[in-house]
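Have a look at the structure below before the remarks.
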Amino acid sequence: AEDSPHEFSANVALTTNYMYRGITHTSSQPAIQGGSDYGHSTGFYAGVWASSLEFGAGDDDTTIEIDYYGGIAGELSNGISWDLGGLYYQYPGTEADAAGDFDFFEVYGSLGYTFSGVPLEPSIGTFLAYSPDFFGETGDAFYVTGELGLSLPMGFGLSFLYGNQSIDKGTDYDHIVVGLNKDLSIFNFDVSYYDGLDDADCNEELCDAVVFTVSSSF
């Protein structure tokens with residue numbers, strides 16, 4: 001039978017701390033997460049993803065984040081992968097007078113390349129996102145990353161990420177993530193270290209953490 005151009009998938013994860021761009025969104029508490037995706041052979045995709053939340057500081061209403069996204073992705077003839085899309089973040093449960101304070105939209109793009117056939121098969125990538133009115137109505141915001149991944153013996157993967165978040169009406173900060181992961185049967189196990197590079201901009205309580213995550217896709 002001819003292969004279908006349509007593909008559907010789902011994912012679920014349990015993590016000890018939901019870190020969004022280097023900052024905890026669960027007050028360093030565990031979170032359950034999951035989503036579903038649709039992909040087409042042309043490269044078009046769309047999906048939805050959600051996570052439990054715990055902002056703390058008296059915010060008892062915002063307990064979930066729901067993300068809706070779509071875009072198009074592909075690979076150039078020289079092996080460079082690319083992705084362009086848009087993403088809407090929704091935070092149901094906010095009080096009526098605060099509705100819209102948290103919700104925001106951004107556009108994003110990424111480029112990546114894997115050096116196949118060489119030791120450790122290193123992969124490099126960069127990601128850029130822009131929002132015209134970021135979380136908390138803080139105005140223009142840019143987020144950019146540089147990433148490196150290595151394939152280690154025994155099926156382990158090692159990853160490094162540097163990220164910078166700039167916010168028009170907020171605090172700019174830099175952070176890093178170092179992660180080690182491995183697939184076992186249908187599960188992926190990941191342990192990652194998060195560090196805010198300047199405690200004055202991203203303090204230790206919010207930005208420094210060791211996070212363990214187990215996930216599965218099907």
Side-chain angles (χ1 to χ4, degrees), residues 7 9 11-24 33 35 37 39-45 47 49 51 67 69-87 106-130 142-166 172-198 201-202 207-218:
E7 182 176 337
S9 62
N11 59 84
V12 63
L14 181 64
T15 183
T16 58
N17 190 357
Y18 172 26
M19 300 290 287
Y20 173 76
R21 295 183 180 172
I23 297 179
T24 179
Q33 304 170 333
D37 294 276
H40 191 269
S41 59
T42 58
F44 170 79
Y45 65 89
W49 180 87
S51 175
D67 302 342
Y69 51 88
I72 188 167
E75 186 172 313
L76 303 179
S77 58
N78 58 5
I80 295 177
S81 59
W82 58 272
D83 186 359
L84 295 171
L87 194 157
E106 69 180 13
V107 292
Y108 60 82
S110 68
L111 291 172
Y113 183 78
T114 299
F115 296 87
S116 301
V118 302
L120 303 183
E121 292 194 340
S123 61
I124 55 174
T126 184
F127 173 86
L128 174 65
Y130 166 73
F142 290 90
Y143 181 66
V144 61
T145 70
E147 303 175 54
L148 170 66
L150 301 174
S151 297
L152 303 182
M154 300 178 62
F156 285 92
L158 181 64
S159 62
F160 304 88
L161 179 145
Y162 162 80
N164 171 265
Q165 178 76 68
S166 62
D172 300 348
Y173 66 92
D174 302 290
H175 73 100
I176 60 170
V177 186
V178 181
L180 183 68
N181 67 83
K182 181 176 175 60
D183 290 327
L184 288 174
S185 184
I186 63 171
F187 299 101
N188 177 268
F189 296 87
D190 180 279
V191 58
S192 293
Y193 169 69
Y194 291 78
D195 182 32
L197 297 181
D198 188 338
D201 296 330
C202 193
C207 301
D208 294 0
V210 175
V211 178
F212 178 72
T213 303
V214 58
S215 60
S216 183
S217 299
F218 46 91

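The main-chain N or O of Phe212 is found under 3.5 Å from a side-chain atom of Thr16 such that the two form a donor-acceptor pair. Judged by distance alone, with hydrogens and angles left aside, the side-chain atoms of Asn78 form a donor-acceptor pair with the main-chain N or O of Ile80 at under 3.5 Å. Of the possible donor and acceptor atoms, none in the side chain of Glu121 sits under 3.5 Å from a partner among the backbone N and O of Leu150. A side-chain donor-acceptor contact under 3.5 Å links Ser81 to the backbone of Gly112.
Under the side-chain contact (heavy atoms from CB on, under 4.5 Å) criterion, Ile124 pairs with Tyr113, Phe115, Leu148, sequence neighbours left out. In this structure Tyr193 satisfies the side-chain contact (heavy atoms from CB on, under 4.5 Å) test together with Asp195, Val210, sequence neighbours excluded.
Closest approach of Asp37 and Gly47 over heavy atoms only: OD1-CA, 3.9 Å. Of all heavy-atom pairs between Ser110 and Phe127, the closest is CB-CD1, 4.0 Å. Contact detail for Met19 and Cys207: the closest heavy-atom pair is CE-O, 3.9 Å. For the pair Ile72 and Thr42, the tightest heavy-atom approach, listed with the atom from each and the gap, is CD1-O, 4.2 Å.
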Quiz item: Do Leu120 and Ser151 pass the side-chain contact (heavy atoms from CB on, under 4.5 Å) test, and can you show the C-alpha distance, the side-chain angles, and the key distance before you say yes or no?
Solution: CA-CA 5 Å; Leu120 303 183; Ser151 297; 5.6 Å; no
Practice problem: Show your reasoning for whether side-chain contact (heavy atoms from CB on, under 4.5 Å) applies to Ile23 and Cys202. | Solution: CA-CA 8 Å; Ile23 297 179; Cys202 193; 3.8 Å; yes
Quiz item: What's the verdict on side-chain contact (heavy atoms from CB on, under 4.5 Å) for Asp83 and Tyr108, showing C-alpha distance, side-chain angles and the deciding distance?
Solution: CA-CA 8 Å; Asp83 186 359; Tyr108 60 82; 4.0 Å; yes
Practice problem: Start with the C-alpha gap between Val191 and Val211, add the side-chain angles, then the distance that decides, and say whether side-chain contact (heavy atoms from CB on, under 4.5 Å) holds. | Solution: CA-CA 6 Å; Val191 58; Val211 178; over 6 Å; no
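Here the straight-line distance linking atom CG of Leu184 with atom OG of Ser216 works out to 11.5 Å at 0.5 Å rounding. Residue Ser166 holds its OG atom at 5.0 Å from CG of Asp172, rounded to the nearest 0.5 Å. Here Thr24 contributes atom OG1 and Asp208 contributes atom CG; the two are 11.5 Å apart, rounded to the nearest 0.5 Å. Rounding to the nearest 0.5 Å gives a distance of 11.0 Å between CZ of Phe160 and OG of Ser192. With rounding to the nearest 0.5 Å, the separation of CD in Gln165 from CG in Asp174 is 10.5 Å. Rounding to the nearest 0.5 Å places OG1 of Thr145 at 10.5 Å from OH of Tyr162.
None of Val177, Ile176, Leu161 except one satisfies the side-chain contact (heavy atoms from CB on, under 4.5 Å) rule with Tyr194; the exception is Val177.
Donor-acceptor pairing under 3.5 Å is lacking for the side chains of Asp198 and Tyr173. Defined by atom type and a distance below 3.5 Å, a donor-acceptor pair is present between the side-chain atoms of Thr15 and Thr213.
Between Tyr45 and Tyr69, the two ring planes are tilted [angle within 30° to 60°].
The six-membered or imidazole ring of Trp49 lies near that of Tyr18, with a centre-to-centre distance under 6.0 Å.
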